[in-house]
Asker: 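Dropping a structure here in structure tokens format, bear with me for questions.
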Amino acid sequence: IVISEIHYNPGSDQGSDNDFEFIELYNAGDTVELAGFQVTTALNHTFTSYTFQSGSYLVLAKTAASFPDLGDSVIQWDSGSINNTGETIVVVDAAGLTLDTVSYEDGDAWPSAPDGSGPSLSLVDLSSDNSLPESWDASSAAGGSPGYAN
């Protein structure tokens with residue numbers, strides 16, 4: 001499971017952070033039942049049940065209703081927010097094993113356009129090391145591409 005997109009500071013044209021913040025996960029492995037898996041640090045979410053199909057995307061949103069076209073591939077997270085200046089997002093499995101971690105920033109070597117200009121922070125290549133700033137770029141679309149390939 002890979003953190004593949006982070007929309008931490010939506011542009012004012014899109015709307016409020018409270019409505020449009022999201023992270024996107026990609027399942028590069030076998031189909032897995034996510035019961036007991038967690039996303040922590042920035043936001044908090046514990047999955048009660050979700051079958052994450054191999055090769056598919058899953059969006060965790062602050063407000064799932066803001067993404068009606070995604071159907072059951074969008075889930076509203078339990079609590080928290082994504083910090084606009086950067087922080088760490090961690091995905092752990094039901095046994096507590098860390099599956100992925102991204103510590104993004106809104107400066108240094110990280111792309112600056114996702115910081116309130118409209119695009120999301122998008123992983124350029126799903127097989128790249130997403131802990132490195134050079135593995136990320138601004139999405140080509142304002143608002144990102146939640147639930148779809150970047």
Side-chain angles (χ1 to χ4, degrees), residues 1-28 32 34 37-93 98-150:
I1 296 176
V2 176
I3 299 167
S4 57
E5 190 170 4
I6 305 168
H7 200 30
Y8 63 90
N9 191 7
S12 58
D13 289 348
Q14 185 177 17
S16 166
D17 285 11
N18 288 328
D19 294 328
F20 293 101
E21 280 187 353
F22 71 84
I23 67 164
E24 177 189 78
L25 304 175
Y26 177 74
N27 184 359
V32 63
L34 295 181
F37 283 50
Q38 296 181 321
V39 179
T40 63
T41 309
L43 57 104
N44 295 295
H45 185 76
T46 301
F47 291 91
T48 55
S49 176
Y50 186 86
T51 303
F52 197 7
Q53 300 294 323
S54 177
S56 68
Y57 294 91
L58 173 62
V59 175
L60 284 177
K62 184 159 187 165
T63 305
S66 296
F67 303 93
D69 296 344
L70 296 180
D72 65 355
S73 64
V74 62
I75 295 172
Q76 188 161 310
W77 66 61
D78 297 329
S79 64
S81 294
I82 306 174
N83 192 312
N84 289 349
T85 60
E87 66 186 319
T88 300
I89 300 171
V90 180
V91 179
V92 298
D93 69 11
T98 298
L99 302 176
D100 198 19
T101 302
V102 174
S103 296
Y104 72 92
E105 296 181 26
D106 69 346
D108 295 327
W110 290 85
S112 60
D115 188 19
S117 297
S120 65
L121 188 60
S122 298
L123 188 61
V124 175
D125 179 346
L126 291 169
S127 63
S128 63
D129 183 349
N130 68 355
S131 69
L132 303 173
E134 58 267 21
S135 296
W136 295 84
D137 204 353
S139 63
S140 58
S145 58
Y148 301 96
N150 300 332

Asker: Apply side chain to side chain donor-acceptor pair (under 3.5 Å) to Ser128 and list each qualifying residue two or more places apart in sequence or on a separate chain.
Answerer: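 Listed in chain order: nothing, the list is empty.
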Asker: Which residues satisfy the side chain to side chain donor-acceptor pair (under 3.5 Å) test with Ser56, sequence neighbours excluded?
Answerer: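 For Ser56, no residue satisfies side chain to side chain donor-acceptor pair (under 3.5 Å) once neighbours in sequence are set aside.
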Asker: May I have the step-by-step check of side chain to side chain contact (heavy atoms under 4.5 Å, CB included) for Glu5 and Phe22, ending in yes or no?
Answerer: CA-CA 8 Å; Glu5 190 170 4; Phe22 71 84; 3.6 Å; yes
Asker: Anything under 30° is parallel, anything over 60° is perpendicular, the rest tilted; go ahead and classify Phe67 against Phe20.
Answerer: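 Perpendicular: the ring planes of Phe67 and Phe20 meet at over 60°.
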Asker: Would you call the rings of Phe47 and His45 parallel, tilted or perpendicular if under 30° counts as parallel and over 60° as perpendicular?
Answerer: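 Ring orientation, 0 to 90° scale: perpendicular.
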Asker: Do Glu24 and Tyr148 touch side chain to side chain, with heavy atoms closer than 4.5 Å?
Answerer: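 Not in contact.
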Asker: What's the spacing between Ser122 OG and His7 NE2 if we round to 0.5 Å?
Answerer: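 It is 9.5 Å, given to the nearest 0.5 Å.
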Asker: Answer yes or no: is there a side-chain heavy-atom contact under 4.5 Å between Asp106 and Tyr8?
Answerer: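 Yes, side chains in contact.
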Asker: Which of these passes side chain to side chain contact (heavy atoms under 4.5 Å, CB included) with Ser120: Ser139, Ser140, Pro10, Pro146?
Answerer: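 Exactly one candidate clears the test, Ser139.
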Asker: Which distance, rounded to the nearest 0.5 Å, do you find between the CG of Leu58 and the CG of Leu70?
Answerer: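 Output value for this atom pair is 9.5 Å.
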Asker: Are Leu25 and Asp100 close enough that some pair of their side-chain heavy atoms sits under 4.5 Å apart?
Answerer: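 The answer is no, as the side chains (C-beta and beyond) never meet within the 4.5 Å cut-off.
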Asker: Please output the side-chain donor-acceptor pairs of residues 82-92 that fall under 3.5 Å, not counting sequence neighbours, one pair per line with the distance.
Answerer:
unit_1	atom_1	unit_2	atom_2	d
Asn83	OD1	Thr85	N	2.7
Asn83	OD1	Thr85	OG1	2.7
Asn84	ND2	Asn9	OD1	3.4
Asn84	ND2	Asp17	OD2	3.0
Glu87	OE2	Asn83	N	2.4
Thr88	OG1	Ser103	OG	2.6

Asker: Under a plain distance cut-off of 3.5 Å, with no hydrogens placed, do Asn130 and Ser135 share a side-chain donor-acceptor pair?
Answerer: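 Looking only at side-chain atoms, Asn130 and Ser135 do not form any donor-acceptor pair under 3.5 Å.
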Asker: About how many Å separate OG of Ser54 and OH of Tyr26, when rounded to the nearest 0.5 Å?
Answerer: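 That separation rounds to 6.5 Å.
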Asker: Nearest 0.5 angstrom please: Leu43 CG to Ser81 OG, how far?
Answerer: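 Nearest 0.5 Å value for the CG-OG distance: 8.5 Å.
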Asker: So how far is it from Leu126 CG to Asn27 CG, rounded to the nearest 0.5 Å?
Answerer: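 Reported to 0.5 Å precision, the distance equals 11.0 Å.
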Asker: Could you tell me the separation between the CD1 atom of Ile3 and the OG1 atom of Thr101, rounded to the nearest 0.5 Å?
Answerer: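 That separation rounds to 6.5 Å.
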Asker: So, do Ser73 and Tyr50 sit near enough that their side-chain heavy atoms are less than 4.5 Å apart?
Answerer: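 Sidechains of Tyr50 and Ser73: in contact.
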Asker: Working note: Asp78 + Thr46, criterion side chain to side chain contact (heavy atoms under 4.5 Å, CB included); need CA distance, chi angles, decisive distance, verdict.
Answerer: CA-CA 7 Å; Asp78 297 329; Thr46 301; 4.2 Å; yes
Asker: Run the numbers on Leu34 and Ile1 for side chain to side chain contact (heavy atoms under 4.5 Å, CB included), then give the verdict.
Answerer: CA-CA 10 Å; Leu34 295 181; Ile1 296 176; 3.7 Å; yes
Asker: Can you name the closest pair of heavy atoms from Pro133 and Pro111 and give their distance?
Answerer: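 Minimum heavy-atom contact is O-CD, 4.3 Å.
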Asker: Any idea how Tyr104 and Trp110 line up, ring-wise: parallel (<30°), tilted (30 to 60°), or perpendicular (>60°)?
Answerer: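 Plane angle over 60°, so perpendicular.
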Asker: For the residue pair Leu123 and Val102, establish whether any side-chain heavy-atom pair is separated by less than 4.5 Å.
Answerer: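 Side chain of Leu123 against side chain of Val102, heavy atoms only: no contact under 4.5 Å found.
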Asker: Measuring only between side-chain heavy atoms, which start at C-beta, is Asn18 closer than 4.5 Å to Lys62?
Answerer: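 Yes, close enough: below the 4.5 Å cut-off.
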